[in-house]
2 protein chains.
Amino acid sequence: MTRRIPQARDRGIPDATVARLPLYLRALNGLAERGTPTVSSEDLATAAGVNSAKLRKDLSHLGSYGTRGVGYDVQYLIYQISRELGLTQDWAVAIVGVGNLGRALANYGGFASRGFRIAGLLDADPAVVGDRIAGLVVEHTDELESVIASRAVSIVVIATPATAAQHVCDRVTRAGVTSILNFAPVVLNVPEGVDVRKVDLSIELQILAFHEQRKANGGPIMAEEWPDGVEQVNERSIGASS
Amino acid sequence: MTRRIPQARDRGIPDATVARLPLYLRALNGLAERGTPTVSSEDLATAAGVNSAKLRKDLSHLGSYGTRGVGYDVQYLIYQISRELGLTQDWAVAIVGVGNLGRALANYGGFASRGFRIAGLLDADPAVVGDRIAGLVVEHTDELESVIASRAVSIVVIATPATAAQHVCDRVTRAGVTSILNFAPVVLNVPEGVDVRKVDLSIELQILAFHEQRKANGGPIMAEEWPDGVEQVNERSIGASS
DNA sequence: GTGCCTTTGTGAAGCTACGCACAAAGTGAG
DNA sequence: CTCACTTTGTGCGTAGCTTCACAAAGGCAC
């Protein structure tokens, strides 16, 4: 691989920190719009909804970009975080699966404004192929490999039904894609070196339901066994098929 | 508050565990569909994409539901996890904001099958009010409080533009809602006792971009300063407004 | 230049989570 | 009944993350 110059922030940006950088970036953009020139870690932390010490430690992983007694220069910090996240270059993104969700994603403004350019929309359904969505014409998934290669797609968003997701995943990884954002409710199997991030709408609701239940009755104090003394036979009475 | 019977799994289910339970539940449902009667922690862990020791420890927080030498009864475990997550009751959910995303959510099948019932769709735009989506008629946000009260809504999904999110949030919390799933790219301010979970599509992409950049060039070895020796003045050249 | 005030950057302590490895517990064959 | 085998449940060492608290550093007034 390429030689690397060892540096303070060389290899060691913790995942937890990386996950928060976009949050800081958004808060900073808000401040920039209002023309704020500098911001203290305290104020920025409040805007981003985190502890100020955590924010300082996070930023310290990027380098020493603050000024003691003053704070951080908003524009400068926006640039540094953007660069660290790789948002100063633009990324070609392909969305596979143009159902309700894929359509919503294609129209979502938050992508284009952050260096993500939707370079292709693909679907297996001939009835959808040819539709014009968000300025792009939907192409057939047969074109998947050629679209990826010709338009230098480096990130693929999978918004297909669960059953198709693994197949699409296999094809795009074989085509050289190493970053996948998966909305299908399945655990994708990928080769070494491929990053998958998963967004699962129903999981979030289930976590909320857990806490809501905890709040409603001070914790589950109901019976621990089956509802009616039912034996543990295969009754298929509870599990909802997805 | 209500008296609580102290129990092994009384108060102490770690958040990290709660976040994984839905994953196990999905894997179990898959096994149940194929008629598998029992499963070992090893196999279930593989299906869910986690370490088997972690899975066993997670499940041990719920109780001792396995049989040594055999494994876990699939149906029984589905029931126990469902109950712990509160999925054995049904939850009335209202979706505020019926844009592309709200529409996708309303049509997403993964909710209904897990005890989440969409009880209301609301939007501020008169052009959308009255539309029929996923079997529901979109109502005006003026009706927000009455919809929440009359239909016992306990979870609200915010899928509005960022600018409207805090206002909607204030109204629903004042109406007694204590669980919110937020898709708007803002940090919501809520009173004590209210749970907010945030799903941010662009943040996931930014995290992917970070890792992708790391893979491309073995870490950022480019200049650490401004592109051209530019001074740190307010140039507004980088930050994209959201 | 001096001294005060503000705010950063970070050492250190506490906490949570992860995963190994193993004893305890259950099954099934003979 | 006994023995060999499987698999759970968990104690424990480790790694990573969070938070506190403070010394070091810079700005500003005079």
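Being a predicted model, the structure only gives us computed values, none of them experimental. Letters A, B, ... mirror the listed sequences (proteins, then strands); counts begin at 1.
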Practice task
Please find out if less than 6.0 Å separates the ring center of B:Tyr76 from that of B:Tyr65.
Solution key: yes
Practice task
Could you tell me the separation between the OH atom of B:Tyr65 and the P atom of D:dT10, rounded to a whole number of Å?
Solution key: 13 Å
Exercise for the section: Would you kindly check whether a donor in the side chain of B:Arg68 faces an acceptor in the base of D:dT7, or vice versa, at under 3.5 angstrom? Expected result: no
Handout entry: Given DNA chain D, 5'-ward residue of the pair A:Asn51 and A:Val70, judged by closest heavy atom
Key = A:Asn51
Problem - Distance, rounded to the nearest Å, where B:Glu42 contributes CD and D:dG9 contributes P - result: 14 Å
Practice task
Check step by step if side-chain contact (heavy atoms from CB on, under 4.5 Å) holds for B:Leu105 and B:Phe111.
Solution key: CA-CA 9 Å; B:Leu105 294 171; B:Phe111 294 158; 4.1 Å; yes
Exercise for the section: Round to the nearest Å and state the distance from B:Leu55 atom CG to C:dC18 atom P. Expected result: 12 Å
Exercise for the section: Take atom CG of B:Leu44 and atom P of D:dG9, then tell me their distance rounded to the nearest Å. Expected result: 12 Å
Exercise for the section: Would you kindly give the CZ-to-P distance between A:Arg56 and D:dT19, to the nearest whole Å? Expected result: 12 Å
Completion exercise
Rounded to whole Å, NZ of B:Lys54 lies from C1' of C:dA17 at a distance of 8 Å
Fill in the blank from the handout: In whole angstroms, the gap separating P of D:dG16 from NE2 of A:His61 amounts to 11 Å
Problem - Per B:Ser41 side chain, nearest of listed nucleotides D:dT18, D:dT8, C:dG9 - result: D:dT8
Practice task
Could you tell me whether the phosphate oxygens of D:dT6, OP1 or OP2, come under 4.0 Å of any side-chain nitrogen or oxygen in B:Tyr72?
Solution key: no
Problem - Residue whose nearest DNA chain C nucleotide is more 5′ - A:Ser64 or A:Gly69 - result: A:Gly69
Exercise for the section: Using modelled atom types only, decide if a donor and an acceptor are shared between the side chain of A:Arg26 and the backbone of A:Pro22 within a distance under 3.5 Å. Expected result: no
Show me the side-chain donor-acceptor pairs of residues 189-196 of chain B shorter than 3.5 Å, one per line, residues at least two apart or across chains.
from     : atom 1 : to       : atom 2 : distance (Å)
B:Asp195 : OD2    : A:Lys215 : NZ     : 3.4

Problem - Minimum-distance nucleotide (side-chain atoms of B:Ala16 versus C:dC18, D:dT8, D:dT18) - result: C:dC18
Handout entry: Length of the CG-C1' vector between B:Asp58 and C:dG19, whole Å
Key = 12 Å
Handout entry: Any N/O donor-acceptor pair, B:Lys57 side-chain to C:dG19 base, under 3.5 Å
Key = yes
Problem - A:Arg214 bridged to B:Glu84 by N-O distance under 4.0 Å - result: yes
Exercise for the section: Please work out if B:Ala53 contacts a base, only the sugar-phosphate, or nothing of the nucleic acid, heavy-atom cut-off 4.0 Å. Expected result: base
Handout entry: Residue-phosphate contact under 4.0 Å: A:Arg20 side-chain N/O, D:dT18 OP1/OP2
Key = yes
Problem - Among D:dC17, C:dG9, C:dT27, the one nearest A:Pro14 by side-chain distance - result: D:dC17
